[in-house]
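Here is the structure we will look at, set down as structure tokens.
Keep in mind it's a predicted model, so treat the numbers as computed, not measured.
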Amino acid sequence: MFLEIFDPKAPPKPIGIDLGTTNSLVAYVHNERPLVITDCNLDALTPSVVCYEKNGTVTVGRAALAKAHEFPRETIVSAKRFLGRGADDPETRKLGPYEFVAPAAGEANVVRFRVNNSVVTPVEVSAAILRSLRELAADELTNVGPAVITVPAYFDDAQRQATKDAARLAGLEVLRLINEPTAAALAYGLDKQQNGTFAVYDLGGGTFDVTILLLEDGLFQVKSTGGDSALGGDDIDRAIAHHLMSALKIDDSASSPSFTRHLLNIARDLKHELTTKSEVHVELTDKTIVVTRDDLNAIVKPLAERTGAICRRALKDAELSTGDIDGVILVGGSTRVPAIRQYVESFFGKAPLADIDPDQVVALGAAIQADLLAGSGPRDDVLLLDVIPLSLGIEVGGGVVDKILPRNSPSPTGAKATYTTQEDNQTGFTIHVVQGERELVADCRSLARFTLKGIPPMPAGMAKLEVLFQVDADGLLSVRAKEMTTGIEQLVAVKPTYGLDDAAVEQMLLDAYDHGEEDLAKRRLAENRVEAHRLIAATSKAVVADPELLDDASRVAIEKAIADLEKAAAGSDPGAIHLKIEALDAASKEFATRRMNRAIARAIEGRSVSDVSAELDAKDRHNERGEKQ
């Protein structure tokens, strides 16, 4: 035994937290070494399980997990899978034997669990887990400081915000959210002092992420990322449970919640035992079932192959092959399964790095980052460059998406674009922020919608709107819209009521690949229709305003060209619309020239050439000063 002396004047100790789907951990740096904090039984893993008892007691961790069989509806398991999901998402019903509560009118569209006489959200469940980790850290450190919390690389804006909300409920100050694969690479990079290109293969309890990462002299740059939330230890457990039900000839839809939870617990234990044993005997409903390592390999094989498809896509996005990868870092407890390790080695052609505990490596990396951000780490030259998983943009005319920040842009980052009005006397802009890879708004996800008002009436095309997108170090998006001539602006922190899960993100990417040519054709059709309607409106307005500049032949030609363009715009052939736009341009060219000549003549009437020349020179000098500024 030893006596540790506590200095009450010592600054708070920053911590790193891996808020996992199945298990969570907390770590800190001591004498330049990251260490996980263990409980009184020397367990580093805290099961991410919360039980809400009838007497109001909230139990977290291993004690809560022990109650899951007896109280399956009141014991929330894998709450992380529900973060960011909508209450109306049918997938939520598949994730556990819970009683869900629909939101009341005016309430946010988030998942709600009924537990005894109360209702809790995934954010509150996650906060209970984080609070338990904070208390565990306080037992070890006494004075707990701010935290770095890890999230899956494919967590979207809403899921990241939900994680920060949970931390705030737990009484934690969040220094930064960092992606789990980046945290793992940080632990390996600082520990091994290695440079090179690495694949971080992260198969946890509820999610799969793969990240292609360049480590070079303290620079951690994410080249690409991919993932799927329907791949993880939970899914292996469910597949084993289905195997057991088939052996027992039991219909899983008819089983009770308590039996389902009991079977999932057995499946999890089976998975762990078959990591070291060749076969396991299971006693169920007076029957003995023998499950072998070969059975487990057969169950895991299709799940492992799905990770391979995602790895191939991530390599393609990074413009690399498996031969370019210097090492593979394993993260997550599910990578202990022998069939998974064998598949990873076969896919990448090299044995993966696993000398840091895959259950602990993310928390250790988070602790290192927390130590660095708090200014107490040994290095201040480590730079983390993550990427955004899906493109961000806004809706423009015709329901088309204009992408401002493309997928896999380094984060934190920012970009801007300039737009103008499509109608005369337009006094506002509606900015619709969307996320996704498709060309049309209807095929992407809506993030936010707001209106910039108070713009003075101007002719179409005169108002200039600058839209700035900024993604911060936590991966959270803010949008600033500014009308350039008036200076009117609005800043919006994008916070959807619920978000995309990894599977939805992955599906959006697959849809973008599968429908690429079709989407481009739809985009071209939408853009040509917008241009056709604009040209028809502008030409018709000009004909009414200046009829005296038209001879009969020109009038007939323009009217026919307008009719032909209207007919083409009602159809679905973008090429035909484009040809009729060109025809109307040609028919109205002479008329447009006459209008321009008359406008110029009126502008310079009664003025000398020298006056006009001096005015133009003054404007040129003013523009030059503006450009320099």
Side-chain angles (χ1 to χ4, degrees), residues 15-27 36-39 41 43-52 58-69 71-85 92 95-98 111 113 115 120-137 147 149-152 155 159 162-167 169-170 172 177 180 183 202-209 229 231-238 261 264-265 267-269 271-272 331-334 336 357-363 366 501-502:
I15 57 175
I17 292 177
D18 175 10
L19 179 62
T21 306
T22 306
N23 295 296
S24 297
L25 302 91
V26 58
V36 296
I37 297 174
T38 60
D39 61 18
N41 296 315
D43 286 325
L45 300 178
T46 296
S48 300
V49 182
V50 181
C51 180
Y52 294 86
V58 179
T59 307
V60 179
R62 230 163 275 284
L65 186 60
K67 299 175 184 291
H69 174 54
F71 306 107
R73 294 191 189 279
E74 290 74 30
T75 306
I76 312 300
V77 178
S78 301
K80 184 175 176 179
R81 278 197 158 186
F82 296 92
L83 283 177
R85 284 187 181 271
T92 60
L95 295 179
Y98 308 116
V111 173
F113 308 104
V115 287
V120 295
T121 67
V123 168
E124 292 170 296
V125 177
S126 299
I129 298 167
L130 289 170
R131 193 177 297 113
S132 175
L133 293 172
R134 186 182 187 281
E135 291 168 358
L136 181 63
I149 301 176
T150 62
V151 292
F155 253 27
Q159 291 163 310
T163 303
K164 292 191 81 171
D165 290 345
L169 277 177
L172 282 166
L177 302 179
E180 291 164 1
D202 183 357
L203 188 62
T207 59
F208 171 68
D209 286 316
S229 69
L231 281 171
D234 288 354
D235 301 286
I236 295 174
D237 296 345
R238 275 193 286 272
R261 175 58 61 201
L264 287 171
N265 290 340
R268 183 180 295 112
D269 292 339
K271 178 181 65 180
H272 294 164
V331 179
S334 298
R336 296 181 186 278
D357 187 331
D359 277 321
Q360 298 184 9
V361 63
V362 167
D501 60 22
D502 298 358

Compare all side-chain heavy atoms of R336 with those of D357 and state whether any distance is below 4.5 angstrom. yes
At what distance, to the nearest 0.5 angstrom, does OG1 of T75 lie from NE2 of H69? 11.5 Å
What pair of heavy atoms forms the shortest contact from A366 to A183, and how long is it? N-CB, 4.0 Å
Centroid separation F113 to Y52 less than 6.0 Å: no
Can you confirm whether V50 sits close enough to V120 that some side-chain heavy atom of one is under 4.5 Å from a side-chain heavy atom of the other? no
If you compare all heavy atoms of R134 against all heavy atoms of A170, which two are closest, and at what distance to 0.1 Å? CD-O, 3.7 Å
So which of I149, T150, L19 actually passes side-chain contact (heavy atoms from CB on, under 4.5 Å) with L177? I149
Whether the S24 and T46 side chains hold a donor-acceptor pair (N or O, under 3.5 Å, no angle test) is what I'd like checked. no
Output the distance between atom CZ (R131) and atom CD1 (I129), rounded to the nearest 0.5 Å. 10.5 Å
Taking every heavy atom of A64 against every heavy atom of C51, the minimum-distance pair comes out as CB-N, 3.7 Å
Side-chain contact, heavy-atom cut-off 4.5 Å: R62 with L45? yes
Pairwise distance CD1(I236) to CZ(R268) - rounded to 0.5 angstrom: 11.5 Å
Rounded to the nearest 0.5 Å, the OG atom of S48 sits from the CG atom of L130 at a distance of 9.0 Å
Output for pair (D43 CG, L25 CG), nearest 0.5 Å, gives 10.5 Å
Which heavy atom of I76 sits nearest to which heavy atom of A79, and what is that distance? CG2-CB, 4.1 Å
Taking atom CG of D237 and atom OG of S334, what is their separation to the nearest 0.5 Å? 7.5 Å
Heavy-atom closest pair, residues A363 and A27: O-CB, 3.6 Å
Determine whether E180 and V331 make a side-chain contact, defined as any pair of heavy atoms from C-beta on separated by less than 4.5 Å. no
Could you tell me whether the side chain of Y98 and the main chain of V77 form a donor-acceptor pair under 3.5 Å? yes
Is there side-chain contact between Q159 and V151, with heavy atoms separated by less than 4.5 Å? no
Would a 4.5 Å heavy-atom cut-off, applied to side chains only, mark F208 and P152 as touching? no
I would like to know whether L133 and I15 meet side chain to side chain contact (heavy atoms under 4.5 Å, CB included); could you show each step before the answer? CA-CA 10 Å; L133 293 172; I15 57 175; over 6 Å; no
pair V36-D359: side-chain heavy atoms closer than 4.5 Å: no
Side chain S132, main chain A128, donor-acceptor under 3.5 Å: no
Do P47 and N23 make a side-chain contact, defined as non-hydrogen atoms from C-beta onward lying under 4.5 Å apart? yes
